[in-house]
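Chain A is the first sequence line, chain B the second, and so forth, proteins listed ahead of strands; every chain is numbered from 1. Being a predicted model, the structure only gives us computed values, none of them experimental.
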Amino acid sequence: MQPYSPDKPSAPRREGVKFEDVRLYLVERKMGRSRRSFLTELARSKGFIVEDVLSDVVTHVVSEDSQASSLWAWLKGGSVKNLPVMHVLDISWFTDSMREGKPVAVETRHLIQVCICFLNYSFTCTSGFSLQDAFEVLAESHEFNDMEGPCLAFRRAASVLKSLPWTVQNLRVTEDLPCLGEHSMCVIEEILQHGRSFEVEKILSDERYQILKLFTSVFGVGPKTAEKWYRRGLRSFSDVLAEPSIHLNRMQQSGFLHYGDISRAVSKAEAQALGNIIDEAVHAITPDAILTLTGGFRRGKDFGHDVDFIVTTPQLGKEERLLTSVIDRLKHQGILLYCEYQASTFDESKLPSHRFEAMDHFAKCFLILRLEDSQVDGGLQTAEEDRRGWRAVRVDLVSPPVDRYAFTLLGWSGSRQFERDLRRFARMERRMLLDNHALYDKTKKEFLAATTEKDIFAHLGLEYIEPWQRNA
DNA sequence: CGGCGTACG
DNA sequence: CGTA
DNA sequence: GCCG
């Protein structure tokens, strides 16, 4: 088992690795392709890990570019999130390390203007921040401190601000908005007056927040695991990966293995390419199958962190078989990199009424698929130096029986906050229970059928809300 | 002062 | 605990 | 932290 080996064809052979906790990345610009290849081979021959692609597993960025500002501009242009915890180094650190045959301690003379750029980095973060971003930071910070109430309150505040058709320019307009109380209004006032929030900036500059944010960005790592690693003194991915007592589960292994790919946004063209792949597979198995793109892309977003599809067939009860066949087919195509399959059946004993048929299968799966560059219209959006010709993408497939299609569509179209609010509304205001499978009226003690999303909104006594209006 | 979405592995 |  |  090699949970730590990077998913690059030119990955350094494992037997030669001497320094597990150091991962180099050589910046090609100013260095040139051939010199970069030469230095890469040199370092690998001395037992160093050299990454071909810049991602958050990298611990030491080495550049020959002395123009600090343009280097940092380039680094920030990428999607790397842990710049504050990376060493960004001069070539002198590299040559010293090669001479010694081991990574030498990082000294001030090796650093490329770290202090100035570090400040600049957090500055661009905050100044480029919108009000809603500020509230997301507050929410996240409270989540990391295990304060679920305040976390949720700030998430709602962020959603309310996001849903406004205008940009907030004075306090007056926000005065009678829901979910904005005393604390939130103070934050808004501060940002409107000074362009920044002391509280938010304190959080952003907090080491614990930065590290927990980094750790939880790995698929399979949540706040509790991140906190556990932080308490044990671990501060970087390499700390975690080099710690022999840490046992990563299957999800976390995939999370690290494909980190660079799945932490990068998925474009609409990539989502469509995946749609073609799934469409081909589904219809080869069941000609009259129905495939629907859902999730953020159904809400009209241009980018997402994954791609969600609903797969079903008009023949009731055949849908679970369809999903397993699709997974098998993807496996045989060699593009299935990770699969967590959930074959679920409705547990009617838990429900207040027992009027449902017994055969109520409702299968879903969380996948990581290999998407080829050639399959994407306009090509994959990758870094210049990434010559693999493919990327990994998170894909979710859910396969309801057709008679529950509307509930599944509503439940998987999101956003997360919209789903929460809708379910809370159903429970609190209508005494109804809503989930991905059904809508139950507690007063009438009966399930309410629906063939379209409009039916469900009607049952709830709500105006229909278009998918692109559900971002909050 | 209690509740905060719901369901699965 | 993690995922959606 | 905000709301019923």
Side-chain angles (χ1 to χ4, degrees), chain A residues 135 138-143 145-160 174 176-188 199 215-229 247-255 262 294-296 298 304-310 320 338-348 350-351 360-368 394-400 404 407-440 460:
Chain A
F135 282 98
L138 289 168
E140 212 165 18
S141 157
H142 284 86
E143 183 171 47
N145 291 312
D146 206 20
M147 299 164 74
E148 286 175 55
C151 166
L152 187 55
F154 285 125
R155 287 250 149 81
R156 288 184 188 142
S159 278
V160 165
T174 64
D176 10 70
L177 289 175
C179 308
L180 299 178
E182 192 187 340
H183 191 143
S184 295
M185 292 299 279
C186 282
V187 173
I188 294 173
E199 191 181 1
F215 286 171
T216 54
S217 73
V218 177
F219 180 59
V221 180
K224 303 297 173 186
T225 307
E227 160 75 24
K228 196 173 77 189
W229 291 350
H247 235 78
L248 301 176
N249 63 31
R250 207 172 66 87
M251 201 185 281
Q252 292 160 345
Q253 287 177 26
S254 289
I262 63 185
T294 176
R298 180 164 182 254
H305 92 284
D306 66 358
V307 192
D308 305 305
F309 295 99
I310 300 176
E320 177 155 4
Y338 172 87
C339 174
E340 185 181 307
Y341 176 68
Q342 302 186 358
S344 78
T345 76
F346 228 159
D347 187 355
E348 23 180 331
K350 281 187 192 159
L351 292 169
D360 229 336
H361 296 283
F362 196 137
K364 63 175 182 267
C365 59
F366 306 143
L367 311 176
I368 297 176
R394 279 273 300 105
V395 175
D396 296 328
L397 302 182
V398 51
S399 189
R404 308 297 170 68
F407 295 102
T408 310
L409 185 61
L410 182 61
W412 280 78
S413 292
S415 66
R416 182 175 126 116
Q417 196 57 42
F418 176 84
E419 301 297 337
R420 286 177 154 194
D421 290 341
L422 196 64
R423 287 162 197 218
R424 199 155 53 101
F425 176 86
R427 176 187 289 276
M428 301 302 176
E429 310 296 327
R430 297 289 185 257
R431 297 192 42 79
M432 291 178 183
L433 301 174
L434 174 67
D435 68 8
N436 288 351
H437 314 76
L439 178 63
Y440 179 75
L460 290 169

Residue from A:Phe366, A:Trp412, A:Phe309 passing side-chain contact (heavy atoms from CB on, under 4.5 Å) with A:Val398
A:Trp412
Any donor-acceptor pair under 3.5 Å from A:Arg394 side chain to A:Leu367 backbone
yes
Contact class for A:Gln252 (heavy atom, under 4.0 Å): base, sugar-phosphate, or nothing?
nothing
Rounding to an integer number of angstrom, what distance separates C:dT3 and B:dG5 when you compare their C1' atoms?
14 Å
Sugar-phosphate, base or nothing in reach of A:Arg155, heavy atoms under 4.0 Å
nothing
So if I take residues 218-227 of chain A and measure heavy-atom distances to DNA chain B, which residues fall below 4.0 Å?
none
Is a side-chain N or O of A:Gln342 found less than 3.5 angstrom from the main chain of A:Lys364, in a donor-acceptor match?
no
How many Å lie between NZ on A:Lys228 and P on C:dC1, as a whole number?
10 Å
Check: A:Ala139 main-chain N/O paired with A:Arg155 side-chain donor or acceptor under 3.5 Å
no
Say whether, by atom type as modelled, one donor and one acceptor occur between the side chain of A:Thr408 and the main chain of A:Arg404 under 3.5 angstrom.
yes
Nearest-angstrom distance from the residue atom CD of A:Gln342 to P of B:dT6:
18 Å
Report the nucleotide, chosen from B:dG5, C:dT3, B:dA7, that has the shortest atom-to-atom distance to any side-chain atom of A:His437.
B:dA7
Where the side chain of A:Arg250 meets the backbone of A:Cys339, is there a donor-acceptor pair that is under 3.5 Å apart?
yes
Using side chain to side chain contact (heavy atoms under 4.5 Å, CB included) as the criterion, list what pairs up with A:Glu419, not counting sequence neighbours.
A:Arg423
Find which nucleotide of DNA chain B each of A:Phe366 and A:Gly149 is nearest to by heavy atoms, and output the residue with the more 5' nucleotide.
A:Gly149
Would you list the protein and nucleotides 1-3 of chain B atom pairs, both N or O, that sit under 3.5 Å from each other?
none

Check whether A:Asn145 reaches the backbone of A:Met147 with its side chain - one donor and one acceptor, N or O, closer than 3.5 Å.
no
Side chain of A:Ser184 (C-beta onward), nearest among D:dG1, B:dG5, B:dG9
D:dG1
So A:Leu434, base contact, sugar-phosphate only, or nothing? Heavy-atom distance under 4.0 Å.
sugar-phosphate
I'd like to know if the side chain of A:Asp421 reaches the main chain of A:Arg424, judged simply by a donor and an acceptor atom lying under 3.5 Å from each other, with no hydrogens or angles considered.
no
